[in-house]
Amino acid sequence: MQRLPARQRRAARSARRLGSEAARGVAAVAPGTAETTLRDWHAQGVRGARIMNLPGGAVTHADMPAVERLVRPLGWHLMVQFNGQHLNDYLDGLQRLEGDYIIDHIGKFMPPVSADDRRVDAILRLLDRGNAWFKLCGGYETSTVGGPRYEDVGAIAWRVVAHAPERVIWGSNWPHVGVPRERYPDDAEQLDVLLGWAGPEARRRILVDNPAALYGFPPLPVEGDNP
């Protein structure tokens with residue numbers, strides 16, 4: 001049986017301590033991964049496969065169709081990361097995906113583009129197809145103006161949230177491996193920035209309802225509902 005890489009094994013151990021009812025994971029899945037291995041990971045709480053089209057990525061866009069065929073029967077999604085400046089290089093492959101997938105890191109435009117850029121238009125069209133999600137995460141990695149509000153990437157985030165709040169999730173990007181330790185962001189600040197990007201109803205969708213639907217958690221009651 002194929003073993004998880006060391007970092008994924010540590011993450012899996014942490015997830016097991018939380019329990020598969022409370023935690024979910026995303027793994028790097030090679031095209032040749034055995035079905036028995038995938039089912040073992042599923043039992044441990046894994047629900048997604050990472051596609052990384054940036055330096056150091058273990059599984060890239062070239063393997064995306066094969067990986068999707070492997071994980072779709074389990075109901076997993078793909079977590080796809082690329083430089084949004086080069087979206088046109090990946091657009092055809094994304095449009096061919098039949099299962100759910102996440103466009104990671106606010107599209108990871110390096111450097112950020114204006115909110116009315118044609119590539120942001122293309123992302124909105126992908127969301128409208130019904131199987132794409134958009135993750136608000138790691139704005140500090142690409143912003144050229146910096147925190148605490150990250151106005152440049154925030155403009156993209158704001159437009160996507162306004163267009164499709166039902167297709168957006170949030171992540172802290174912990175443990176922040178993309179920046180030196182002395183530049184680690186404050187995790188609470190990364191959550192606070194959402195206050196400027198989404199209103200109360202959209203925030204509940206982004207933080208509660210949408211991840212529950214995507215990762216298979218039971219929905220939480222809305223405030224005021226009877227217990």
Side-chain angles (χ1 to χ4, degrees), residues 1-12 24-42 44-113 117-138 141-142 153 156 160 167-169 171 173 175-179 214-215:
M1 179 180 291
Q2 178 177 334
R3 298 184 70 200
L4 285 163
R7 286 180 59 189
Q8 290 188 29
R9 290 200 301 273
R10 290 194 294 271
R24 295 289 186 264
V26 176
V29 178
T33 304
E35 181 181 349
T36 53
T37 299
L38 295 175
R39 294 197 176 279
D40 179 56
W41 294 355
H42 187 88
Q44 297 179 45
V46 174
R47 293 295 184 273
R50 184 178 301 281
I51 304 294
M52 173 67 82
N53 297 294
L54 294 170
V59 183
T60 68
H61 184 80
D63 291 321
M64 188 167 68
V67 172
E68 189 204 16
R69 287 193 295 270
L70 278 176
V71 305
R72 197 191 319 147
L74 294 167
W76 293 10
H77 64 267
L78 300 181
M79 180 87 74
V80 185
Q81 188 173 160
F82 49 81
N83 182 348
Q85 290 274 358
H86 305 144
L87 174 62
N88 288 343
D89 294 342
Y90 308 113
L91 197 54
D92 182 65
L94 295 173
Q95 291 171 335
R96 292 175 183 271
L97 294 175
E98 298 181 25
D100 283 336
Y101 65 95
I102 298 170
I103 299 170
D104 206 359
H105 281 229
I106 319 178
K108 197 125 188 179
F109 290 94
M110 298 185 292
V113 297
D117 187 272
R118 58 183 173 76
R119 287 156 294 193
V120 180
D121 295 342
I123 286 175
L124 299 187
R125 288 193 294 271
L126 290 173
L127 297 177
D128 289 342
R129 293 166 65 92
N131 65 326
W133 299 78
F134 190 84
K135 188 164 74 167
L136 306 177
C137 174
E141 288 191 348
T142 56
V153 296
I156 300 169
V160 173
R167 305 303 300 177
V168 181
I169 61 174
N173 204 36
H176 313 298
V177 296
V179 295
L214 181 60
Y215 286 96

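Just the heavy atoms: all of them, side chains too, but no hydrogens, waters or symmetry mates, feed the values below. What you see is a predicted model; the values in this text were computed from it and never measured.
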From [X] atom [atom1] to [Y] atom [atom2], the distance as rounded to the nearest 0.5 Å:
X: H61; Y: L54; atom1: NE2; atom2: CG; value: 13.0 Å
X: D89; Y: L94; atom1: CG; atom2: CG; value: 11.0 Å
X: L74; Y: W41; atom1: CG; atom2: CH2; value: 11.0 Å
X: L38; Y: W76; atom1: CG; atom2: CH2; value: 5.0 Å
X: F134; Y: R167; atom1: CZ; atom2: CZ; value: 13.0 Å

### Query
Is there a donor-acceptor pair closer than 3.5 Å between any side-chain N or O of H77 and the backbone N or O of R47?
yes
### N/O donor-acceptor pair under 3.5 Å between Q81 side chain and I51 backbone
no
Distance-minimising heavy-atom pair for [X] and [Y]:
X: L87; Y: I123; value: CD2-CG1, 4.0 Å
X: V113; Y: Q85; value: CG1-NE2, 3.4 Å
X: M110; Y: T142; value: CG-CG2, 3.4 Å
X: R118; Y: R125; value: O-NH2, 4.5 Å
X: V71; Y: A49; value: CG1-CB, 4.2 Å

Under the salt bridge (Lys or Arg N to Asp or Glu O under 4.0 Å) rule, collect the residues that match up with [X], sequence neighbours excluded.
X: D63; answer: none
X: D128; answer: none
X: R119; answer: D117
X: R39; answer: E35

Any side-chain heavy-atom pair from [X] and [Y] closer than 4.5 angstrom?
X: R96; Y: M64; answer: no
X: I102; Y: V80; answer: no
X: V46; Y: V26; answer: no

### Task
Show your working on side chain to side chain contact (heavy atoms under 4.5 Å, CB included) between N53 and H86 and close with a plain yes or no.
CA-CA 10 Å; N53 297 294; H86 305 144; over 6 Å; no
### Task
Give the C-alpha distance, both sets of side-chain angles, the deciding distance and a yes or no for side-chain hydrogen bond (donor to acceptor under 3.5 Å, both in side chains) between H105 and N173.
CA-CA 9 Å; H105 281 229; N173 204 36; 3.2 Å; yes
### Task
Assess whether salt bridge (Lys or Arg N to Asp or Glu O under 4.0 Å) is satisfied between E141 and K108, documenting all intermediate values.
CA-CA 8 Å; E141 288 191 348; K108 197 125 188 179; 2.4 Å; yes
### Query
Does F109 have any ring pair (Phe, Tyr, Trp, His ring centres under 6.0 Å) partners at least two apart in sequence or in another chain, and if so, which?
none
### Query
Can you list the residues that meet the side-chain contact (heavy atoms from CB on, under 4.5 Å) rule with N131, with sequence neighbours excluded?
L97, D100, Y101, R129
### Task
Please report the C-alpha distance between L126 and Q95 in whole Å, then the side-chain angles of each, then the deciding distance to 0.1 Å, and finally whether the side chain to side chain contact (heavy atoms under 4.5 Å, CB included) criterion is met.
CA-CA 7 Å; L126 290 173; Q95 291 171 335; 3.8 Å; yes
### Task
Decide yes or no on side chain to side chain contact (heavy atoms under 4.5 Å, CB included) for D104 and R50, but give the supporting numbers first.
CA-CA 10 Å; D104 206 359; R50 184 178 301 281; 3.9 Å; yes
